[in-house]
Peer 1: 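Here it is: the structure, laid out below.
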Amino acid sequence: MATPIGNMGDITLRAIETLRHADLIACEDTRVTGKLLARLGLAVPLVAYHEHNADRAGQTLLAQLREGRVVALVSDAGTPLISDPGWRLVRTCRDEGIAVTALPGPSAALTALQLSGLPAQPFLFAGFLPRTAAARRAAAHDLALVPATLIFFESPNRLGASLADLAAILGDRPAAIARELTKLHEEISPGTLTELAERYRQAPARGEVVLVVGPPAAQAPAGDADIDGRLAEALAGGASLKDSAALVAAETGRQRREVYARALRLAKRAAKGGPAE
Ligand code: SAM
């Protein structure tokens with residue numbers, strides 16, 4: 001049987017019992033899980049299983065599982081498989097009829113959502129945003145019209161830049177930064193995307209962070225004049241045609257293609273020196 005178990009400082013009694021009875025524990029970093037086992041007074045063989053060796057180590061684990069051994073899968077933090085390796089192993093177990101169960105425990109994404117004060121459902125967990133600004137903005141474009149609270153993992157070094165990109169594409173939505181969850185310096189910082197971008201531009205975050213962004217505001221349908229006004233404002237602020245259209249589409253719920261066509265017309269008219277209709 002394969003059993004994913006979380007490991008974020010909090011651990012359930014069921015997880016401890018499962019570890020005690022496992023034949024093998026697959027973990028990201030054997031030093032991290034070794035310390036956990038030492039604290040629990042357990043001595044179970046550990047196998048490193050992480051994103052760099054998941055294919056090879058996965059085969060080793062499957063061979064053990066096929067022989068009827070009990071393998072527990074542990075992550076360094078939070079819930080295994082959530083931005084951590086493991087889903088392919090679970091799928092193979094399912095395909096081969098090997099029993100799999102999960103032991104719910106701490107999850108940085110869900111803990112951040114709980115503490116954010118933002119609507120708890122529907123929500124969409126989007127994992128890490130891409131590293132480059134262009135790819136990040138493209139990812140934000142794809143999420144702009146999703147009527148849900150959005151949850152992202154982020155590196156503290158990129159937090160300010162990511163917040164600024166999200167503000168540019170999603171509009172100035174309410175958001176919250178959840179830092180060092182379940183640890184000594186746990187902190188929740190609420191604010192709008194623009195406020196938080198400014199704050200973390202000036203003083204980068206420390207430790208581990210989750211970014212939670214509220215859903216787009218439900219509004220009365222925007223008229224064409226309103227759309228053009230918002231577009232003119234975004235373009236005057238220096239945003240590109242594409243970003244302006246995405247922002248206004250996200251703010252108004254109108255089709256991005258339609259808003260882009262209006263933005264194009266506005267830009268052409270402005271280039272000719274004509275009035276905005
Ligand atoms: N599987 C883990 C989980 O479910 O929590 C997440 C692993 S992912 C590789 C690491 C990212 O999770 C970090 O960069 C951060 O965004 C988030 N994270 C993990 N632990 C955290 C904590 N204690 N406080 C805030 N964010 C955390």
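Both backbone and side-chain heavy atoms feed into the values below; hydrogens, waters and symmetry mates do not. One-based numbering, in listed order, for ligands and for the atoms of each. On a predicted model such as this, the values are computed, not experimentally measured, just so you know.
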Peer 1: With a 4.0 Å heavy-atom cut-off (strictly under), which part of Asp84 contacts ligand 1: side chain, backbone, both or neither?
Peer 2: side chain
Peer 1: Is the closest side-chain donor-acceptor distance between Asp243 and His141 under 3.5 Å?
Peer 2: yes
Peer 1: Using modelled atom types only, decide if a donor and an acceptor are shared between the side chain of Glu180 and the backbone of Glu208 within a distance under 3.5 Å.
Peer 2: yes
Peer 1: Taking only Lys NZ, Arg NE, NH1 and NH2, and the carboxylate oxygens of Asp or Glu, determine whether Glu198 and Arg201 approach each other closer than 4.0 Å.
Peer 2: yes
Peer 1: Using the salt bridge (charged side-chain N to carboxylate O under 4.0 Å, His left out) rule, pick out the option among Arg265, Arg269, Arg262 that qualifies with Asp228.
Peer 2: Arg262
Peer 1: Whether the side chain of Glu28 engages the backbone of Asp76 through a donor-acceptor N/O pair (distance < 3.5 Å, no angle test) should be reported.
Peer 2: yes
Peer 1: Below 4.0 Å, non-hydrogen atoms only: which portion of Thr182 touches ligand 1? Side chain, backbone, both or neither.
Peer 2: neither
Peer 1: Taking 4.0 angstrom as the limit and counting only heavy atoms of Lys183, give me the atoms of ligand 1 inside it, by number and element.
Peer 2: 23 (N)
Peer 1: Answer yes or no for Phe152: is there a heavy-atom contact with ligand 1 below 4.0 Å?
Peer 2: no
Peer 1: Of Thr79, Leu110, Leu159, Asp76, which has the heavy atom at the shortest distance from atom 3 (C) of ligand 1?
Peer 2: Thr79
Peer 1: Which bit of Glu180 is near ligand 1, meaning a heavy atom under 4.0 Å away: side chain, backbone, both or neither?
Peer 2: backbone
Peer 1: Does Ile82, backbone or side chain, put an N or O under 3.5 Å from an N or O of ligand 1?
Peer 2: yes
Peer 1: Just by modelled atom types, is the Thr192 backbone N or O under 3.5 Å from a matching donor or acceptor in the Asp172 side chain?
Peer 2: no
Peer 1: Strictly below 4.0 Å, N to O, side chains only: are Arg254 and Asp224 in salt-bridge contact?
Peer 2: yes
Peer 1: Considering distance alone, does some N or O of Ala178 sit under 3.5 Å from an N or O of ligand 1?
Peer 2: no
Peer 1: May I ask you to list the atoms of ligand 1 that are less than 4.0 angstrom from any heavy atom of Ser83?
Peer 2: 8 (S), 9 (C)
Peer 1: Hey, is ligand 1 close enough to Leu181 that some N/O pair sits below 3.5 Å?
Peer 2: yes
Peer 1: State whether the side chain of Asn53 and the backbone N or O of Ala48 hold a donor-acceptor pair below 3.5 Å, judged by distance alone.
Peer 2: yes
Peer 1: With heavy-atom distances below 4.0 Å as the criterion, list the atoms of ligand 1 near Ala77.
Peer 2: 1 (N), 2 (C), 3 (C)
Peer 1: Please say whether Ser107 places an N or O atom under 3.5 Å from an N or O atom belonging to ligand 1.
Peer 2: no
Peer 1: Counting N and O atoms only, with roles assigned by atom type, does the side chain of Thr79 sit under 3.5 Å from a partner on the main chain of Ile82, one being a donor and the other an acceptor?
Peer 2: no
Peer 1: My understanding is that we take every heavy atom of each candidate and find the minimum distance to atom 5 (O) of ligand 1. Doing that for Gly127, Ala108, Pro85, which one comes out nearest?
Peer 2: Ala108
Peer 1: Examine ligand 1 and decide if any of its atoms is less than 4.0 Å from a heavy atom belonging to Val210.
Peer 2: yes
